[in-house]
Each structure stands twice: as C-alpha cells, then as structure tokens.
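These notes concern the structure reproduced below.
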Protein chains: 2
Amino acid sequence: MAKEGKTSKETGEIVELMELLFFAYRDFISDPDEILSKYGFGRAHHRVIHFVGRHPGIRVAELLDILRITKQSLGRVLKELIETGYVFQQEGETDRRRRLLYLTDSGCDLHRELMAPQIERFKSAIKGTGTKINGVHRDLLFQLIDKDDRDHVNKLFGQAATHCKQKQDI
Amino acid sequence: MAKEGKTSKETGEIVELMELLFFAYRDFISDPDEILSKYGFGRAHHRVIHFVGRHPGIRVAELLDILRITKQSLGRVLKELIETGYVFQQEGETDRRRRLLYLTDSGCDLHRELMAPQIERFKSAIKGTGTKINGVHRDLLFQLIDKDDRDHVNKLFGQAATHCKQKQDI
DNA sequence: AAAAATATGTCAATAGTACTGACGTATTTT
DNA sequence: AAAATACGTCAGTACTATTGACATATTTTT
C-alpha cells in the first residue's frame, strides 16, 4: 500500500480547499439562478448585468476581457438585454467607434435583486467565520487569480461605481 | 445624488469579495480546461473524474447530489467515461441495485493530471497570502456553502480517499 | 407472497452557453 | 492614404444542462 509521505497531508488539505471552492461557488451561483429564470435569462445575462452595473459606460472589449468569453457569446446575450430594455448603449464621446454600455432603471433594479441574496450569503459567511482580521478573506481569492490579471482586477475595483440608482443603503 | 450611508462601504467590500470569487473560480477552472480538450472531455467529465477519484465506490445517487445536476446530464458523461475506459462500475455487494463507480488506472492518471495545476495554483496562492494561521482560508469558503449542506461536505472530507493509485507523494 | 420503495438507466425534446473563423463597417491613428 | 482599432455579424458546431415520463432490477415493508 501507499506509504504516506510528509507532503501527503498538506496536499490533502489543499484538495479539500479546492473542493470547498467548488462547493462555495456552486451554492453562490444558485442564488441568482432562480431569479434569472423568472426573467428568462441565464448566467451569462447575469454576468453582463453585474459588470455593466458596476462599471457604467464599460466598453464591449473590456467586458469581453473580464468575462473571458467570445464576442459571439457576448453578442447574443447583450442583444437580448438591450431588446428587453435592461441595458442600453451610447456612442463614445471621444471615440465614436465605442459602444458604451449602461443599465437602464429596470437593469439596475434587476442588478440589485440579483446581488441581494449573494450579499446576504457573504455577510453571514463572514460573520460565521468570526474573523475580525481585515483582508484575510480577500487574500486567498485574490491570489488565486492569474498573476497577469491581478493588476487588472485591482484597477477594476478602483473604478467600480456605487450603483447607478441608489434606492437605499442596503 | 445618493448619500453614502454607514453600511455602503461594507457592502462595497462585500461586492468586491463576490467578484473575487468569480475571478478566482474563472481562473481556477481554466487550468484543467486545456487538458480536458486534449481528451475530448468537458468540465462535466472533470467533475465526475474528480469525485469518483476522491470517493472510490461512490454511488450514482451520491454523485448526483454532489454535482447538483440531473441524472440525464450525468448519464451521458458517465457513459462516455466508461466507454473510453476512465471509469468502471461494480455491482454493490450488499445492494445489487447500486452501481459503484471507480476510476481505472488511466482514470487515476487523468485525475492526477487535472489536479496538478490546481494544486499548484492553491499552493502558491496560500504562500502569496503569507498567512500562517491554520484554517482561515477554509473558513470563508466553508461558510459560503448552503447551511444544510455543510455537514454533508464535512462527511465527504472524512470519507475521502488518498488516491487509488499513489504513484508518488507529490 | 404481494406491495411499496429505492437505485439506476433511458427516452425525446429543448435551452443556454460557448466555440472557431471569417468578413464587413465605421472610426481613429499613423 | 494606409493601417489599426472597435464592434457587429455570419454559419456551423459542441457541451452542458434541463423536464418529465417510463422501464428494470432489487430491496424493504406489510
């Protein structure tokens, strides 16, 4: 039988951590899924709604870069969101080739509706850990991102908007 | 304009945490994707390989519960994995209705190949955080899981196998 | 022994997401 | 004027997933 080396236990713990990421993500996305089906939308629509909401005036190219999908995949979803009145486009001022994307009022409402249960999940999860230390929870997730992309993510955070439509401070 | 209430900043940080989960998961699954395409498999195959590898002799019903997909979705993937010789079935000893699932030797090899880059990613991520405190990284992910399911996940961890085929302690 | 429950497999039909690769158009930069 | 950029769109394809119904073998309950 396999003899257990010194590193086996460590690796085992890492595999558990990997599975925790899988389970956490699985349940994390289950929240909005139900809401989306009411609207006839899927996860791709959700992601577009979210990042357009967080970055009003975002360009198509940037959205493609964030979502890591192809133009064609985004195209269909974006078209549907525009036709159904959740997203609208504006010509760029400085560069008229650009289509700047914004959420409509209904888009903002939907965005908030989608975020609510996920924010709730995170809030109680953080409470559940009982950790007071600042940043520990961000660290691992951040470090899991491709090294080349971490600057980009940080930059995104810097530019992120408080919402288009602030009904209340939740 | 929206006046920023006390809770706004906290919520903003939570939204960033949510996005970090999205980015982390996006990159985390990008590792095996490339490997899978060589074999003509997709993510569903990966998940089956993984959990069968971790729980040799797992039942179909349990796999369905872990993956949260339908019997039909699993059925197709499982059939392909069996036909191509990565997974095999055995009748349950005590209950002959059960089909207990195992990885073949090639299945184990593939499993290891798929895990390797993800283990690497986690190891350097943990190193990158510089945190020595035990468990902090698990806590948040664990708490993000549906409350009803946490016991189940813990139970799974308890039953998880060191691999079927221990070539080396990585 | 008969009835009920369980574990699994399978059918058909459909939807959502994603891919590749190429091409067209408008606009800006060089 | 030429080159590069931003975007949209085409056709064809693949993977993952869904629902709901039904068939089979086996075990448990009555």
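The figures that follow rest on heavy atoms only: side chains count, while hydrogens, waters and symmetry mates do not. Lettering of chains follows the sequences in order, A, B, ..., and the numbering in each one begins at 1.
Heavy-atom distances under 4.0 Å link DNA chain D to A:Lys71, A:Gln72 of residues 67-76 of chain A, given in residue order. Sorted by residue number, the list of members of residues 27-39 of chain B with any non-hydrogen atom under 4.0 Å from DNA chain D is empty. Non-hydrogen atoms lying under 4.0 Å from DNA chain D are contributed by B:Thr94, B:Asp95, B:Arg96, B:Arg97, all within residues 86-101 of chain B.
Partner of B:Leu144 under the side chain to side chain contact (heavy atoms under 4.5 Å, CB included) criterion, chosen from A:Phe122, A:Tyr25, A:Phe28, A:Phe23: A:Phe122.
Distance NE2 (A:His46) to P (C:dG16): 17 Å, rounded to an integer number of Å. In this entry the distance linking CG of B:Asp65 with P of C:dT8 reads 12 Å, nearest Å. A:Glu80 has its CD atom 11 Å from the C1' atom of C:dA15, to the nearest Å. Computed from coordinates, the A:Leu78 CG to C:dA18 C1' distance equals 16 Å when rounded to whole Å.
Between B:Arg121 and A:Asp146, at least one side-chain nitrogen of the basic residue sits less than 4.0 Å from a carboxylate oxygen of the acidic one, meeting the salt-bridge criterion. Ion pair B:Arg68/B:Asp149 flagged as a salt bridge, since at least one NZ, NE, NH1 or NH2 atom sits closer than 4.0 Å to an Asp/Glu carboxylate oxygen. A salt bridge is absent between A:Lys123 and B:Glu10; no separation between the charged side-chain nitrogens and carboxylate oxygens falls under 4.0 Å. Taking a cutoff of 4.0 Å between a charged side-chain nitrogen and a carboxylate oxygen, A:Lys38 and A:Glu113 qualify as a salt bridge.
Here the OG-CD1 distance, from B:Ser106 to B:Ile49, works out to 9.0 Å after rounding to the nearest 0.5 Å.
Residues A:Leu20 and B:Leu140 have side chains not in contact (no heavy-atom distance under 4.5 Å, counting atoms from C-beta outward). B:Gln143 has its side chain out of reach of A:Lys127: every pair of non-hydrogen atoms, C-beta onward, lies at least 4.5 Å apart. Side-chain atoms of B:Leu17 and B:Leu21, non-hydrogen and from C-beta on, never get closer than 4.5 Å to each other.
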Contacts under 3.5 angstrom, residues 86-100 of chain B side chains, donor-acceptor by atom type, not counting sequence neighbours:
{"residue": "B:Asp95", "atom": "OD1", "partner": "B:Arg97", "partner atom": "N", "Å": "3.0"}
{"residue": "B:Asp95", "atom": "OD1", "partner": "B:Arg97", "partner atom": "NE", "Å": "3.1"}
{"residue": "B:Asp95", "atom": "OD2", "partner": "B:Arg97", "partner atom": "NE", "Å": "3.4"}
{"residue": "B:Asp95", "atom": "OD2", "partner": "B:Arg97", "partner atom": "NH2", "Å": "2.7"}

Side-chain donor-acceptor pairs under 3.5 Å in residues 71-80 of chain A, sequence neighbours left out?
{"residue": "A:Ser73", "atom": "OG", "partner": "A:Thr70", "partner atom": "OG1", "Å": "3.2"}
{"residue": "A:Glu80", "atom": "OE1", "partner": "A:His45", "partner atom": "NE2", "Å": "2.6"}

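Using bins of under 30°, 30° to 60° and over 60° for the plane-to-plane angle, the ring pair B:His50/B:His46 lands in the perpendicular bin. Between A:Phe51 and A:His55, the ring planes are parallel. Angles under 30° get that label, and only those over 60° would be called perpendicular.
Place A:Phe41 and B:Ala61 on DNA chain C by their nearest nucleotides, and B:Ala61 ends up nearer the 5' end.
Protein chain B contacts DNA chain D from D:dC15 to D:dT27, reading 5' to 3' and using non-hydrogen atoms of the protein with a distance under 4.0 Å.
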